Amino acid sequence: MFGWAGKLLNIDLTTGTISRESIKEDILYSHLGGRGLGVYLMSDYHDLDPLDPEMPLIFAVGPLCGTSSPTSSRMSVISRSPLTGTIYDSSCGGLFAHKLKAAGLDAIMVTGKSNKPVYIQIDDDSAGIHDASTLWGKDTIETMSALMDKGSVAAIGPAGEQGVLFANIMVNASNSVGRGGLGAVMGSKNLKAIVVNGSHKVKLSDKDAFKKGQEDVMRLLKASPVIFGELGLREFGTPALVDLIKQRRIAPTENFRKTYFEGADSYSGPSLKSTFKAKKEGCFGCPIQCKKVDSCGRALPEYETASHFGALNKNSDIHSIVKSNELCNLLGMDTISMAATIAAYGEIKGDFFSPDGIVELIKETAGRKGEGKKLALGSARLCEMLGHPELSMSVKRLELPAYDPRGAYGMALAYVTSNRGGCHLRAYPIANEILRKPVATDRFSFSGKARIIKIAEDTNAVADSLEICKFAMLAASLEEYAQVLTGVTGMDFTAQDLLKIGERIVMDERRFNCENGFSGKDDMLPERFFTEGGSSGDGIEIKPIDKARFLEELQKYYKIRSLNEDGCPRNVE
Ligand code: SF4
């Protein structure tokens, strides 16, 4: 078999047993790897409580990992989210994926719970469970430093140990397995870290076909102004978006009360670059290198992080924003959910927190101390507890990222249809509505958006299963990556074949969610977006969303996906 290793490492932390098992070729062909393979492996477990010891935590790579295919050294971690209750996957970069594939594995599945803190060490043909008592309580950098001589490390920080519901798993210091709290799932197993150190090489089936596909992808990446342009991702990272989102008046401000923040200039891409002498960094082997670090190698915030610790909290202090990002990485917490939970708490209390106050709340949350005990539950539970459920700006209890849906109607729909809750990584209609790629759409209209979202969700499910970066998809398409995949595996894939696989993965996720009680009632935006306008000006009016029209387009989405009127697959009725 080319491309895939055909192997899964099963680790039961309760019994201490480890076994290498074969994965059938037809499963790999039909689910690709990464997210798709993880969703398949979750079939027998998806209705367990997220923190049940038997709940699997799956780390899975894709068939292109280990080759020089652009942006392919990524992996997904899959489980059920303790924050949202939905099936959950999160994609991340770093060297870990490459080393995992080089150990002859497509995936690791960890079940059970150790009776003491442990870490797992995986080498080419061996794997073992080792005592991690001395690492428990340490931050992610201390943990990485202690283990990095043994291989590439994925670890939790104190937040994962404490069960913070939006705790991350960190990979190689600054790559996050973020958003849905899979760090808390790892912590609940008493698993501090996984270290991998494979050395096998991945063989290609057809080098010429692979090279042609790879060259086609690179040509499109280099021709893309969004990626390689002078104001693009390679130059400024995702904070390149700050200016554009501000100008379009869709920057979530003061817990989404407003959509314009004058102080955003302080943390724009050019500001971060000049203030911190930003240097390029990125995932292993990636030609884009969109991540940015300061002169000491400290990771600088992504767009969502900068905007939410900034505008959403009415904070223009760039140093506190960078510090907040650093602390969340060290302690192992999701920056979007942390910032949004602090903003919701600020609105409930009647004023937003000072830059120093934000930093203190982050520390308290990771340790579940003081006010952090409440914040560690995320904004939805916090707001319910304090009698203001309407002030959690979340969908399915996942805090919304930094695009206000009142000025991007495709995003309004994508937030609610996402199987993992309010996020921008299932479908990213901002590409059409704001970046105008690959074709521009009217951002203040729902017309045609249901079909656009459906296709984007299926495409992104493929990207997350091939484990290619979604940024690459702003320039290249499934057609070029199908060529690359065919060259690697020797099996014929077309873009349409891949889209069918993506559709199957999205439907399996929706079925799992519906079997766990989710339905159309959960595909809903916070009421604020239907009753309050955003900040208008500069000839742009940000009105409340027309709820009837929104619901009409949602029904169209259900119909296009062959779901019932309650948003579930018909075989779940
Ligand atoms: S574009 Fe950025 S996030 Fe994507 S693979 Fe490259 S470095 Fe990683």
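Position 1 is the first residue of the sequence; numbering continues from there. Bear in mind that the values here come from a model prediction, so they are computed numbers and not experimental data. As the structure lists them, so they are numbered: ligands from 1, and atoms in each ligand from 1.
- Put simply, the side chain of N313 does not reach to within 4.5 Å of the side chain of H308, judged on heavy atoms.
- Under 4.0 Å from ligand 1, the heavy atoms of R74 that appear belong solely to its side chain.
- Protein heavy atom in closest approach to atom 6 (Fe) of ligand 1: C286 SG, 2.3 Å.
- Counting atoms of ligand 1 from 1 in the listed order, those under 4.0 Å from a heavy atom of F471 are 1 (S), 4 (Fe).
- Residue contacts to atom 4 (Fe) of ligand 1: C283 brings no N, O or S atom closer than 2.8 Å.
- Put simply, the side chain of V185 does not reach to within 4.5 Å of the side chain of R80, judged on heavy atoms.
- Side-chain contact between P301 and L272 is present, with at least one heavy-atom pair separated by less than 4.5 Å.
- Here the two rings, on Y403 and Y303, have centers that are under 6.0 Å apart.
- With respect to atom 2 (Fe) of ligand 1, the closest heavy atom belonging to the protein is C290 SG, 2.3 Å.
- Counting heavy atoms of neighbouring residues, nucleotides and ligands inside a 6.0 Å radius, atom CZ of R451 does not exceed 12 of them.
- Side-chain contact between M218 and P287 is present, with at least one heavy-atom pair separated by less than 4.5 Å.
- With hydrogens left out, the protein atom closest to atom 4 (Fe) of ligand 1 is C469 SG, 2.3 Å, a heavy atom.
- Atoms of ligand 1 lying under 4.0 Å from at least one heavy atom of G282, given by number and element, are 7 (S).
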